[in-house]
Colleague: 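The structure that follows is given in the form of structure tokens.
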Amino acid sequence: MKIIVLGAGKVGKTLIKHMSNEDHDIIVVDQNATKVEEVVNQYDVIGVVGNGGSYDILMEAGAEDANLIICVTTSDELNILAGLMAKKIGTRHTIARVRNPDYSSQRDFMRNQLGFSMIVNPELEAASEICRVLSFPSAVKVDTFSRKKVELAEFFVEDQSHLKGIELNQLHKITKTNILICAVSHTEDVIIPDGNYAIKPGNHLYITGTHRDLSRFCLDIGVITNRIKNVIIVVGGKIAYYLSKQLSTQGIKVKIIENDKNRCQILAEKLPYVTIIHGDGSDDELLNEEGIENTDAVLALTGLDEENIVLSLSAKSLYHKKTIAKVTRMNYTGLSDVLKVDSIVAPKKIVASQIIRYVRAKMTKDHDSAVKTLYKIVDGEVEAVEFKVTEHFNYLQQQDLWLLIIVNGHYFHK
């Protein structure tokens with residue numbers, strides 16, 4: 001595929017890093033000549049320096065015969081304009097990153113009326129991931145498949161876990177739920193386990209099943225699954241805004257601690273059902289005054305990775321609360337075990353993964369129309385392919401929908 005990446009920031013670089021090794025012709029466009037030069041020197045891509053909203057620059061990048069343009073600059077308006085122009089010029093598919101909450105209600109219009117293939121919002125997607133994790137307080141991360149009918153939850157096996165030493169073919173003795181442990185990661189190793197695999201402390205188990213089955217599984221293995229009823233969010237940015245709206249619809253009480261008085265006033269107007277506290281979220285005295293001891297989860301969503309990690313560590317060690325930290329630096333995302341933070345959320349990584357998932361699925365569909373979706377899970381080490389079983393399938397007679405988990409050439413199906 002011929003792909004134009006507009007924007008050589010962190011998301012753009014992450015996309016280029018993954019796609020440059022997948023037989024794509026990639027052209028990166030950015031107004032910053034230094035960023036373009038860095039990417040061109042590091043990866044096998046073509047660089048174009050200039051404004052991606054310019055007709056001449058898009059033509060120089062080859063938009064007239066490109067399969068896809070991915071607009072991920074820091075400007076929503078530029079991303080929308082460039083996507084529209086590229087579509088008119090001849091680019092088949094367009095993806096735009098749009099972050100402003102004022103545009104969130106227009107996502108369907110942009111797709112259906114303006115012709116965008118995909119609109120991505122890092123903060124909204126991060127809020128959705130946090131919301132899913134809070135639905136399983138014992139899980140590190142939760143993904144959904146097959147139109148949200150099936151979930152994949154990541155669980156960390158503690159030293160005192162009931163699963164310690166249990167072989168997978170003996171799971172039926174402690175749970176009757178219809179779940180599948182489709183992948184296991186331990187340190188840097190990722191495997192597709194067979195029935196003889198014995199679960200060890202330190203394992204990350206990736207388990208597929210319906211929400212009901214996963215909930216029952218947690219109960220069967222003695223994992224506390226008390227419903228989250230109230231949360232404290234430190235800093236009222238875009239993620240806090242989107243997340244508060246989602247949590248409030250589920251009856252979860254939300255408190256936002258924000259140090260900027262003007263931002264507090266804006267949030268109070270837009271979120272009348274949320275308690276807005278003006279103050280420093282890192283102040284232990286303030287947290288105690290606001291009832292952190294009676295709070296089920298603390299979400300550190302400031303703009304500083306280190307502050308989020310420290311806040312989460314403090315809430316975890318002092319108050320034993322469910323903690324989630326937002327990070328920007330990609331190299332922090334795999335440190336939840338070391339740092340003892342329950343979950344780490346990286347908005348840029350989430351969006352990059354979604355876009356790569358779209359590209360991979362689109363590329364696969366060109367070769368096999370039965371493939372519905374292709375996911376990358378377990379930090380990109382495992383692929384999950386969702387495909388339609390047709391009458392041409394060699395192993396089944398009836399039509400069905402399968403989920404195929406692939407790693408290092410080995411696979412399981414669900």
Side-chain angles (χ1 to χ4, degrees), residues 1-30 32 35-50 52 57-58 60-74 78-79 82-83 86-87 89-98 116-122 125 143 190 328-331 333-334 346-368 371-386 406-409:
M1 294 176 64
K2 182 177 179 179
I3 301 174
I4 300 173
V5 178
L6 178 58
K10 292 179 180 178
V11 174
K13 287 181 180 178
T14 301
L15 293 170
I16 293 166
K17 176 182 176 181
H18 285 85
M19 296 188 301
S20 61
N21 296 322
E22 299 185 1
D23 198 28
H24 297 299
D25 296 324
I26 299 175
I27 301 92
V28 58
V29 180
D30 197 288
N32 189 318
K35 289 184 177 180
V36 173
E37 185 178 2
E38 288 177 357
V39 173
V40 170
N41 290 337
Q42 191 170 1
Y43 305 103
D44 184 19
V45 299
I46 297 172
V48 175
V49 178
I57 294 297
L58 288 174
E60 183 180 347
E64 73 278 7
D65 61 351
N67 300 93
L68 171 67
I69 184 170
I70 306 172
C71 306
V72 287
T73 74
T74 56
L78 177 56
N79 293 337
K87 189 75 174 179
I89 291 173
T91 303
R92 291 178 59 190
H93 303 285
T94 55
I95 296 176
R97 178 172 69 172
V98 180
F116 282 91
S117 305
M118 187 179 187
I119 299 293
V120 292
N121 183 329
E125 299 304 333
D143 284 317
V190 179
T328 301
R329 299 177 189 173
M330 301 294 189
N331 55 339
T333 58
K348 290 180 172 60
K349 184 176 180 180
I350 294 171
V351 165
S353 297
Q354 287 187 334
I355 295 173
I356 292 167
R357 178 188 303 174
Y358 175 90
V359 173
R360 297 290 301 277
K362 184 65 63 177
M363 181 176 65
T364 308
K365 283 181 180 180
D366 290 342
H367 295 89
D368 184 358
V371 173
K372 298 296 181 183
T373 317
L374 189 147
Y375 305 85
K376 272 186 172 290
I377 57 178
V378 196
D379 289 329
E381 296 295 327
V382 179
E383 295 176 355
V385 182
E386 184 179 337
I406 307 172
V407 59
N408 295 332

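Numbers for residues simply follow the sequence, beginning at 1.
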Colleague: So how far is it from I3 CD1 to E22 CD, rounded to the nearest 0.5 Å?
Modeller: 8.5 Å

Colleague: Any chance you could measure I356, atom CD1, to H18, atom NE2, to the nearest 0.5 Å?
Modeller: 4.5 Å

Colleague: Within the side chain of D30, is there an N or O that forms a donor-acceptor pair under 3.5 Å with the backbone of K35?
Modeller: no

Colleague: Atom CD1 of I69 and atom CZ of R92: how far apart are they, to the nearest 0.5 Å?
Modeller: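 The distance works out to 15.0 Å.
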
Colleague: Look up atom CD1 in I4 and atom CD1 in I46, then write down how far apart they are to the nearest 0.5 Å.
Modeller: 10.5 Å

Colleague: Between K87 and H93 (side chain of the first, backbone of the second, donor and acceptor by atom type, cut-off under 3.5 Å), is there such a pair?
Modeller: no

Colleague: Please report the closest heavy-atom contact between L6 and A82, naming both atoms and the distance.
Modeller: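 Closest approach of L6 to A82: CD2-CB, 3.3 Å.
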
Colleague: Taking K2's backbone N and O only, do any of them form a donor-acceptor pair with N67's side chain (distance below 3.5 Å, no angle check)?
Modeller: yes

Colleague: Tell me if the NZ atom of K17 is crowded by more than 12 foreign heavy atoms within 6.0 Å.
Modeller: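 Not more than 12 within 6.0 Å, no.
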
Colleague: Quick check for you: to the nearest 0.5 Å, what is the distance between I27 atom CD1 and I16 atom CD1?
Modeller: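 One finds 10.5 Å between CD1 of I27 and CD1 of I16.
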
Colleague: Taking it one step at a time, do K13 and E38 satisfy side chain to side chain contact (heavy atoms under 4.5 Å, CB included)?
Modeller: CA-CA 10 Å; K13 287 181 180 178; E38 288 177 357; 3.4 Å; yes

Colleague: Would you indicate whether D65, at its atom CG, is surrounded by more than 12 heavy atoms from other residues, nucleotides or ligands within a distance under 6.0 Å?
Modeller: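 Yes - once you tally the heavy atoms of other residues, nucleotides and ligands closer than 6.0 Å, there are more than 12.
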
Colleague: Run M19 and I70 through side chain to side chain contact (heavy atoms under 4.5 Å, CB included) and show every step you take.
Modeller: CA-CA 12 Å; M19 296 188 301; I70 306 172; 4.0 Å; yes

Colleague: Which heavy atom in V39 sits nearest to a heavy atom in A8, and how many Å separate them?
Modeller: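 Answer, listing the atom of V39 first, then A8: CG2-CB, 4.2 Å.
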
Colleague: Would you check, one step at a time, whether the test side chain to side chain contact (heavy atoms under 4.5 Å, CB included) holds for N121 with V98?
Modeller: CA-CA 5 Å; N121 183 329; V98 180; 5.9 Å; no

Colleague: Drop me the distance from I355's CD1 to L15's CG, to the nearest 0.5 angstrom.
Modeller: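 If we round to the nearest 0.5 Å, I355:CD1 and L15:CG are 5.0 Å apart.
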
Colleague: Search all heavy atoms of A61 against all heavy atoms of V29 and return the closest pair with its distance.
Modeller: CB-CG2, 3.9 Å

Colleague: Between H24 and L68, is a side chain to side chain contact (heavy atoms under 4.5 Å, CB included) present by the stated rule, with each step listed?
Modeller: CA-CA 11 Å; H24 297 299; L68 171 67; over 6 Å; no

Colleague: If you measure only the distance, is there a donor-acceptor pair under 3.5 Å linking the side chains of D44 and S20?
Modeller: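 No pair is found: no donor N or O on one side chain lies under 3.5 Å from an acceptor on the other.
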
Colleague: Specify the closest pair of heavy atoms between T94 and F116, including all atoms of both residues, with the distance to one decimal.
Modeller: OG1-CA, 3.3 Å

Colleague: Looking at Q354, R97, K349, which hits side chain to side chain contact (heavy atoms under 4.5 Å, CB included) with P122?
Modeller: R97

Colleague: Identify the two heavy atoms, one from G83 and one from C71, that lie closest to each other, and give their separation to 0.1 Å.
Modeller: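 Distance-wise, the nearest heavy atoms are N-SG, 3.8 Å.
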
Colleague: Sub-3.5 Å donor-acceptor pair from the side chain of N79 to the main-chain atoms of T73, do we have one?
Modeller: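 Side chain of N79 to backbone of T73: a pair is present.
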
Colleague: Kindly check if the number of other-residue, nucleotide or ligand heavy atoms within 6.0 Å of CD (E37) is above 12?
Modeller: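 Atom CD in E37 is not packed in, count stays at 12 or less.
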
Colleague: Compare every heavy atom of T14 with every heavy atom of A352, then report the nearest pair and how far apart it is.
Modeller: CB-CG2, 3.7 Å

